[in-house]
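Single-structure report; data block below.
Labels below follow one simple rule: chain letters A, B, ... track the order of the sequence lines, proteins then strands, and each chain is numbered from 1. Worth knowing before you read on, the calculation uses all heavy atoms, side chains too, and leaves out hydrogens, waters and symmetry mates.
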Amino acid sequence: MSFIGNEEQIRFLQERFKMIYGVLFIGLAVLLSRMVYLQLINGDQMRQYAEENRIKRVKIPAPRGMMFDRFNRLLIDNRPAFDVLITPQYLRESGKSKEVIEKLSKVIKIPVAEIERKLNKARMQATFMPVSIKENLSRDEVAELETWKIDMPGVQVEMAISRTNLAKDIGSNLYGYIGRVSEPELPTLNQIASRKYQLDDSVGKSGLEKQYEEILRGVDGSELVEVDALGRRIQSAKAKGRVLSQNPEEPSVPGKNLILSIDQDLQDAAVRGFGDKTGGLIAIDPRTGEVLAMVSRPSFNPAEFARGIDPEVWQKLLADEAHPLRDKTIQDHYSPGSTFKAITAIAALEEGLIDKDTTFSCTGSINLGNRKVRCWNPKGHGVMNVVSALTHSCDVFFYRVAQKFKSVDDIAKYAMHMGLGHKTGIDVGREVPGLFPTEAWKQQRFNVPWSPGETLYVAIGQSFDLLTTIQLANAYASIVNGGILYKPRVVKAIQSEDGKILKEFVPQVMDRTKLKKETIDLVTEGLWGVVNAPGGTAYWTHVPGMEWAGKTGTVQLMTQKEGSKCENMPYSHRHHGVFVGYAPIKNPSIVVALVAEHACSGSHGASPIAKEVIKTYLQKYYPDLYSDKALAERKEAEKKNGGAKPKVETGGD
Amino acid sequence: MTYTSMETNLDQQFDPNRTSNYEEEFKWLKWVPLILEIIILTIGMINLSSATSVEDKSLGLWKNQLVSIGLGSVITLVLMFPHYSFLSRLAYLVYMGNMGLLLAVLAIGKSSLGAKRWISFGGFSLQPSELMKLSIVIFLAKYFENKNTTTGMSLKDLLMPTVFVMIPMALIIVQPDLGTAMIIMLVYGSMLLFLRIHPKTLLMLTLCAAVALPVVYNYGLKPYQRQRIVTFLDPMTDPKGAGYNSIQSMIAVGSGEMSGKGYKKGTQAHLNFLPEHHTDFIFSVFSEEWGFIGCGILLLFYALFIMSGLSVAYQSNDKFATLLAYGITSIFFWHVFVNMGMVMGMLPIVGVPLPFMSYGGSALLTAMSGVAILVNIANKKYMF
């Protein structure tokens with residue numbers, strides 16, 4: 001309909017347009033005022049919200065301090081480890097999750113069902129949060145995954161810092177492991193920590209890692225990074241520029257290094273000696289108390305703990321009857337067996353109960369009331385003085401000596417001063433004290449007075465006494481150094497990350513026993529005979545020209561039936577073998593104590609391990625005297641002098 | 001000819017006997033809607049190239065938009081030359097054809113993001129609900145062309161057109177495409193108010209709406225739609241969920257402050273905090289990067305554009321053209337108002353694109369067709 005000639009319509013619509021313009025301007029005014037409100041009045045606030053959206057402060061974890069051995073060889077390091085992760089969202093978006101999972105399964109050799117199980121477990125979390133599928137990938141796996149990257153959307157390889165023991169599991173019980181701070185332990189941890197921990201921080205959980213946590217742990221830094229709406233970090237130069245223009249990063253401060261008194265060569269020797277035997281060995285420098293070697297077998301790999309241990313692996317470690325997590329040198333105690341006879345001898349000599357001329361005749365047993373107490377050698381040793389009694393480990397001699405003591409406390413006194421039955425104070429946590437019996441202790445513990453017959457068993461180390469291997473080593477160290485009891489130390493020095501020594505630890509004397517020179521001479525002569533005199537209980541390990549001494553011990557767990565062989569008993573019933581040795585004979589500089597669990601005897605089960613360590617030690621520290629060539633020459637000389645190696649004596653104590 | 005006052009000038013425009021001197025002088029005015037379209041489209045493409053440089057599904061989509069512009073230009077040329085009265089003749093056919101497309105969507109439509117709005121032709125997909133806005137306006141212009149509404153329409157007068165509007169609207173609601181349905185409703189309402197509804201009828205309708213509102217809210221809406229309204233009223237009820245889009249969009253707009261963060265430097269958009277940043281929320285990208293100054297200028301262009309549309313309606317020679325131009329202009333107005341209102345947190349979140357700014361072929365073709373019709377009307381005034 002044309003407007004021509006329709007004035008009424010024209011007027012009407014003109015009027016309407018005024019209204020329409022009114023509505024238009026109101027609408028535009030509303031929009032404009034909203035812009036003013038948001039952008040000009042609240043603009044600063046909104047800008048701040050936008051900044052908070054995109055900029056996150058993230059932690060830069062401080063590198064943890066490393067551990068070195070006494071020759072500055074790296075023991076514990078932070079090494080990169082590679083994990084493979086799947087981001088469910090990307091996997092799903094790719095639309096070919098099945099093929100991707102199948103391919104991944106082939107590369108990392110984990111069944112498809114297992115991968116799906118892990119993805120399923122993470123179903124409840126946000127789909128853009130990556131799910132860890134496998135940790136500690138091998139180099140080949142990483143390389144292969146990188147090649148297939150394009151065909152595997154949603155799969156990513158991430159690097160994490162892992163704590164690595166360069167010697168794999170050797171010494172891990174000493175060094176300990178680190179783990180993530182868990183929710184329940186956070187409050188207690190923060191009560192004692194000088195700097196607060198956060199959830200999922202790394203913290204030392206055992207061994208030196210725990211003991212020296214405050215030193216090894218660095219100061220975490222932080223940096224501002226730009227993130228997207230999913231919280232993913234934007235890794236571009238542009239993003240870096242945008243962030244850096246605003247705020248500098250706070251660099252992290254690396255933790256300090258520990259220089260240990262450990263000699264890795266001796267650690268290796270000890271592990272070589274043990275083979276697949278179970279047990280613990282500790283080597284101490286008797287002049288300072290420094291620990292030269294400290295191994296516990298079997299052990300574990302700390303790398304498995306660093307980023308949260310797999311519950312299955314953890315359960316397996318806990319259930320293992322050989323207790324790989326326990327440090328057998330300080331956390332397990334054993335009867336000392338015959339190795340204690342040296343202390344009995346010292347007590348008797350010092351108390352004046354015997355002297356070098358005192359002899360007893362061994363017929364294989366003595367009568368105690370109406371009971372017969374046997375020597376380990378039923379044939380008897382004949383007439384024994386203190387030196388030959390130690391060499392042959394004659395029980396009857398020490399029964400007789402024990403009968404001379406007025407009280408067991410007279411033996412206990414010496415044992416205590418030599419550090420037995422209480423913690424040595426070594427700078428590694430969770431040391432157990434052990435026990436050395438006294439009359440008062442028995443009264444209190446069992447409410448029964450001490451019976452004099454029991455002293456006999458104390459004298460040969462088969463009583464209530466429970467000692468750690470380190471106590472044994474330390475006691476012998478104090479014998480050979482003339483009565484000084486040092487506090488054993490593993491950490492020699494604390495070093496800054498750039499190699500400056502910040503603190504050096506000096507030997508610390510815990511106790512002194514005034515021992516007569518004659519006493520020490522007699523006992524060490526006996527101990528020399530054990531290894532070097534024909535008939536000594538460890539004479540079969542004698543190496544002509546290699547000067548070392550020691551004492552064997554066998555700890556019976558079950559009474560052995562007459563005529564039966566230890567080797568035929570069930571494994572868990574077999575005797576423990578104990579050995580304490582030292583070298584060189586003059587001015588000893590190493591004491592080695594070890595327990596070889598269920599190894600049947602100190603002579604055959606334990607002494608070869610000590611020999612391996614001591615030989616390694618002597619050849620390394622005294623290369624001129626103990627090289628293979630020098631040893632061979634001296635062997636020839638000994639042969640000429642007519643000394644012949646006797647038949648190996650079996651069942652030696 | 002000279003004129004003495006505004007009064008006479010207004011009268012003159014409807015004077016069939018006036019000479020063309022005045023028209024000669026303001027000849028360029030006839031092209032104003034097209035010029036403004038090109039200006040806003042240019043701004044839109046610059047902004048879209050920023051919005052589609054985000055690494056997500058939108059990456060590089062501005063190229064597709066260029067293709068749509070090319071296609072739209074062809075359609076503009078086609079629609080500009082024949083006399084617009086062909087639209088009057090074809091009005092019912094256009095309406096029926098578009099209805100057919102809407103039914104086709106129901107039958108063979110393509111789904112995306114839980115809605116079935118598209119039909120594919122080879123590589124193209126078309127969104128018939130966008131075109132329906134224009135079809136309905138053409139339909140209503142034709143319908144009311146010969147009706148005298150100066151005394152105000154009664155309920156009876158409203159019945160037939162309402163039925164014809166409601167049928168396509170129902171088809172659009174089931175897709176569901178609430179935004180388009182809402183625009184159609186607003187455009188229809190604008191046209192009715194323009195034509196005048198009898199005050200009594202208006203009052204009655206208002207009362208009915210007041211009663212129906214809670215019923216529709218409780219039974220007519222899907223839970224997610226209700227959630228949108230709740231979060232619109234108070235976005236903080238669920239800042240990480242349903243209110244997230246609204247809050248992030250307001251932050252984007254506000255954080256632009258006076259002069260903006262700069263081209264491609266909007267962190268909200270480029271770090272993916274903004275949802276649908278290349279389509280419905282394109283304005284938040286623009287305001288974040290260009291600030292209040294940019295927004296003000298853009299709003300000014302939209303205001304001029306809408307006013308130029310109204311002026312085409314005002315100056316046209318017949319009632320069909322007036323209603324058509326007015327209806328098309330009201331489509332633009334409501335798109336701008338609802339979209340910006342939603343982006344700035346004043347209105348609930350419904351899917352309504354911003355003309356010439358949002359990515360989307362069907363919406364762009366519809367908008368360009370609308371402008372072509374406006375220019376056609378403006379130019380054909382004296383050609384008969």
Side-chain donor-acceptor pairs of residues 336-347 of chain B under 3.5 Å, sequence neighbours excluded:
residue: B/Asn339; atom: ND2; partner: B/Asp280; partner atom: O; Å: 3.1
residue: B/Asn339; atom: ND2; partner: B/Val352; partner atom: O; Å: 2.5

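- Legend: residues meeting ring pair (Phe, Tyr, Trp, His ring centres under 6.0 Å) with B/Phe281, ordered by chain and number and at least two apart, are absent.
- Counted within 6.0 Å of CZ on A/Arg139, heavy atoms from surrounding residues, nucleotides or ligands total 12 or fewer; the atom is thus considered open.
- Smallest separation of non-hydrogen atoms from A/Phe12 and B/Leu195: CZ-O, 3.3 Å.
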Would you please test A/Ile20 and B/Tyr326 for side-chain contact (heavy atoms from CB on, under 4.5 Å) and show each step? CA-CA 10 Å; A/Ile20 296 306; B/Tyr326 172 78; 3.0 Å; yes
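- The two residues A/Met19 and B/Leu193 make their nearest non-hydrogen contact at CE-O, 4.0 Å.
- Residue contact with chain A, scored on non-hydrogen atoms closer than 4.5 Å, involves the side chain of B/Phe283 exclusively.
- Interface residues of residues 24-33 of chain A toward chain B, defined by a heavy-atom distance below 4.5 Å and sorted by number: A/Leu24, A/Phe25, A/Gly27, A/Leu28, A/Val30, A/Leu31, A/Leu32.
- Within the 4.5 angstrom heavy-atom criterion, no atom of B/Tyr302 approaches chain A.
- One finds the CZ atom of B/Phe194 at 4.0 Å from the CZ atom of A/Phe17 (value rounded to the nearest 0.5 Å).
- For B/Thr149, the parts lying under 4.5 angstrom from a heavy atom of chain A are both the backbone and the side chain.
- By number of non-hydrogen pairs under 4.5 angstrom with chain A, the leading residue of B/Ser190, B/Gly291, B/Gly254, B/Gly266 is B/Gly254.
- In this structure the side chain of A/Arg34 never reaches within 4.5 angstrom of the side chain of B/Val253, judged on heavy atoms.
- Annotation: the span from B/Thr267 atom OG1 to A/Asn53 atom CG amounts to 7.5 Å, rounded to 0.5 Å.
- Atom OH of A/Tyr197 has more than 12 heavy atoms from other residues, nucleotides or ligands within 6.0 Å.
- Per-residue heavy-atom pair counts under 4.5 Å with chain B were compared for A/Arg47, A/Glu15, A/Gln45, A/Gln48, and the maximum is reached by A/Arg47.
- Scanning all heavy atoms of the two residues, the minimum distance from A/Tyr49 to B/Ile251 falls at CB-CD1, 3.7 Å.
- The parts of B/Ser287 that come within reach of chain A are both its backbone and its side chain, each placing non-hydrogen atoms under 4.5 angstrom from that chain.
- Ranked by heavy-atom pairs shorter than 4.5 Å toward chain B, the options A/Val23, A/Val36, A/Asn42 are led by A/Val36.
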For B/Leu299 and A/Met35, run side-chain contact (heavy atoms from CB on, under 4.5 Å): C-alpha distance rounded to whole Å, both residues' side-chain angles, the deciding distance at 0.1 Å, then the answer. CA-CA 10 Å; B/Leu299 190 64; A/Met35 287 172 193; 4.0 Å; yes
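- Not a single donor-acceptor pair under 3.5 Å links the side chain of A/Gln39 to the backbone N or O of B/Ser255.
- For A/Ala50 against B/Lys261, the heavy-atom pair with the smallest separation is CB-NZ, 3.7 Å.
- A search for side-chain hydrogen bond (donor to acceptor under 3.5 Å, both in side chains) contacts involving A/Glu102 returns nothing, not counting sequence neighbours.
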